[in-house]
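These figures come from a predicted structure and were not determined experimentally.
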Amino acid sequence: MASVKARYTDFDMMAASAVGWDQKYNHIGRGRFEGSLSMVVLNTLQVGRERWKPGIMQRGSAPARCWFVGLPIVAEGSLHVRGRQIASGQPVLAGPCDDIAFIANGHTDLAQAVIPVDQIEHWMQIRRGAPGLDRKYLDRPFKMAEQEIVKRGTALARLLRSLLNGADGAILPDALTAIEDQIVDVVLGMVPSTDVAEPLHRRALVAMKLRDMLLGHVEAPVNISAMCEELGVKERTLFVACVEAFGRPPKAMLLELRLNAVRRALTHPSSERTVTDVASRFGFWHFGHFSAEYGRQFGELPSITLAKTLGTGRAPVATRH
């Protein structure tokens, strides 16, 4: 896992630091250039965050056979790609072999992902029933509220931060795969579904199969793509079936089941005597996020649950939250 995290006052050096890119920058606007680049190169994709001021004009291309998607967190000036202004609520998009021809004429904070074409095609087929991204409808289906773009950009930046924190090898392979899946979901989840949910009786059968599937994956959680693929349905049908049957979407239901399994393990401890051990067994790799979710569901920290079980004022072994 290659990574970059640096600040720059030289825009040429910043452009050259991006792994796998062929690009050049020109500094535009008044004032001294200030920029920063954070990025991680994973097994199949890249995720990054780029900040600069006052502005840049970029030429060049992303890694071969990949789509580039940028999610503006901050854009004080206007953004342009290939001579077209990016409207509010639009991502920055460039397809394979495109000259990105990107211009940002003010302070900008851009979360970004570079995803291979074949990975996008697989996700689109499983989740949307479509063969891939079509340039003809890129302007239309991606339009959404500006705050939604910022929310997704912030989520991408949070996943990047987790990867950078674990760049020394602290992230286990399963957790790394889960993060890659989340990155793809954050980016491609913007594509609206044109799928029509199946009839009610069919959705009821899907819900029962989903229940059994989730109960069987409490210790090895599955993502939405795996659920769709195993059950043979598209995402919209999966979502509607789960909400109708259980009053919550699939991701929320699986999270609740996993948290309940953790609580059961903490109140009946065996060889695992720390919160970290128990959380890891049920697929929680980000312990701060896990602790917060546990607290929301049960009204106390997991370490308090374990301490009560052991009859002490606090858990006897240090835990990571």
Side-chain angles (χ1 to χ4, degrees), residues 1-82 86 90-96 98-116 149-171 176 179-180 182-184 186-187:
M1 185 171 71
S3 64
V4 176
K5 185 177 182 181
R7 295 182 179 275
Y8 303 87
T9 55
D10 184 320
F11 53 86
D12 288 323
M13 186 177 295
M14 182 166 161
S17 297
V19 179
W21 286 67
D22 177 17
Q23 61 177 346
K24 293 182 179 180
Y25 287 170
N26 282 290
H27 172 199
I28 59 175
R30 295 181 180 178
R32 182 169 59 92
F33 178 82
E34 296 179 30
S36 66
L37 171 65
S38 301
M39 70 180 300
V40 173
V41 181
L42 300 170
N43 294 329
T44 60
L45 52 83
Q46 291 186 9
V47 60
R49 184 176 187 176
E50 213 168 355
R51 287 174 270 198
W52 59 79
K53 62 179 181 180
I56 63 166
M57 182 164 57
Q58 176 191 22
R59 293 170 294 153
S61 58
R65 286 197 52 76
C66 292
W67 277 89
F68 166 78
V69 184
L71 303 177
I73 298 174
V74 174
E76 292 185 353
S78 59
L79 306 178
H80 304 257
V81 174
R82 297 188 300 280
I86 302 297
Q90 283 279 95
V92 178
L93 293 164
D98 279 344
D99 179 353
I100 294 178
F102 174 65
I103 298 174
N105 57 20
H107 174 213
T108 305
D109 183 352
L110 192 69
Q112 49 196 244
V114 177
I115 307 176
I149 287 283
V150 173
K151 179 181 176 182
R152 288 180 180 272
T154 303
L156 206 59
R158 186 169 58 248
L159 291 167
L160 171 64
R161 190 163 56 249
S162 296
L163 288 166
L164 288 170
N165 289 340
D168 58 356
I171 300 179
L176 195 59
I179 295 175
E180 288 194 37
Q182 289 179 54
I183 290 169
V184 176
V186 167
V187 174

Residues that P54 engages under side chain to side chain contact (heavy atoms under 4.5 Å, CB included), provided they are two or more places apart:
H27

Of all residues at least two apart in sequence or in a different chain, which pass the side chain to side chain contact (heavy atoms under 4.5 Å, CB included) check with A157?
R49, I73

Without swapping roles, check the side chain of S17 against the backbone of A15 for a donor-acceptor pair under 3.5 Å.
no

Within-4.5 Å side-chain heavy-atom neighbours: S38 and L160:
yes

What side-chain donor-acceptor pairs closer than 3.5 Å can you find for residues 29-37, not counting sequence neighbours?
unit_1	atom_1	unit_2	atom_2	d
R32	NH2	E34	OE2	3.4

Which heavy-atom pair separates A111 from G153 by the least distance, and what is that distance?
CB-O, 3.4 Å

Are the side chains of I149 and P72 in contact, using a 4.5 Å heavy-atom criterion?
yes

For H80 and F102: C-alpha separation, side-chain torsions, deciding distance, then whether side chain to side chain contact (heavy atoms under 4.5 Å, CB included) applies.
CA-CA 6 Å; H80 304 257; F102 174 65; over 6 Å; no

Let me confirm one number: the CZ-CG distance from R158 to L156, rounded to the nearest 0.5 Å.
10.0 Å

Tell me which pairs pass salt bridge (Lys or Arg N to Asp or Glu O under 4.0 Å) where either residue lies in residues 2-16, with sequence neighbours left out.
none

My understanding is that only residues two or more places apart in sequence, or in another chain, count here; which of them pass side chain to side chain donor-acceptor pair (under 3.5 Å) with Q182?
none

Considering only heavy atoms from C-beta outward, does the side chain of V81 approach that of L93 to under 4.5 Å?
no

As an exercise, state the distance from CG of L42 to CD of E180, rounded to the nearest 0.5 Å.
4.5 Å

Partners meeting side chain to side chain contact (heavy atoms under 4.5 Å, CB included) with A101 (sequence neighbours left out)
R82, D99

Spacing of I179 atom CD1 and S162 atom OG [to the nearest 0.5 Å]:
5.5 Å

Looking at residues at least two apart in the chain, or sitting in another chain, which of them share a salt bridge (Lys or Arg N to Asp or Glu O under 4.0 Å) with R51?
none

Quick one: are I115 and V187 in side-chain contact, heavy atoms under 4.5 Å?
yes

What is the distance from atom CD of Q112 to atom CZ of F68, rounded to the nearest 0.5 Å?
4.5 Å

Under the side chain to side chain donor-acceptor pair (under 3.5 Å) rule, collect the residues that match up with T154, sequence neighbours excluded.
none

Carefully, step by step, assess V41 and V19 under the rule side chain to side chain contact (heavy atoms under 4.5 Å, CB included).
CA-CA 8 Å; V41 181; V19 179; 3.8 Å; yes

Do L159 and V47 pass the side chain to side chain contact (heavy atoms under 4.5 Å, CB included) test, and can you show the C-alpha distance, the side-chain angles, and the key distance before you say yes or no?
CA-CA 9 Å; L159 291 167; V47 60; 5.7 Å; no

If you measure only the distance, is there a donor-acceptor pair under 3.5 Å linking the side chains of Q46 and W21?
yes

Value rounded to 0.5 Å, distance of CH2 in W52 from CD in Q58
7.0 Å

With a 4.5 Å heavy-atom cut-off, do I100 and S61 have their side chains touching?
no

For A104 and I28, work out which heavy atoms get closest and say how close.
O-CD1, 3.9 Å

What pairs with K24 under side chain to side chain contact (heavy atoms under 4.5 Å, CB included), at least two apart in sequence or on another chain?
R59

Evaluate the criterion side chain to side chain contact (heavy atoms under 4.5 Å, CB included) for residue pair V69 and V92; output intermediate values, then yes/no.
CA-CA 6 Å; V69 184; V92 178; over 6 Å; no

Counting distance only, does the side-chain N/O of N105 pair as donor-acceptor with the main-chain N or O of S78 below 3.5 Å?
yes

Approximate separation, where rounding is to 0.5 Å, of I56 CD1 and K53 NZ
15.0 Å

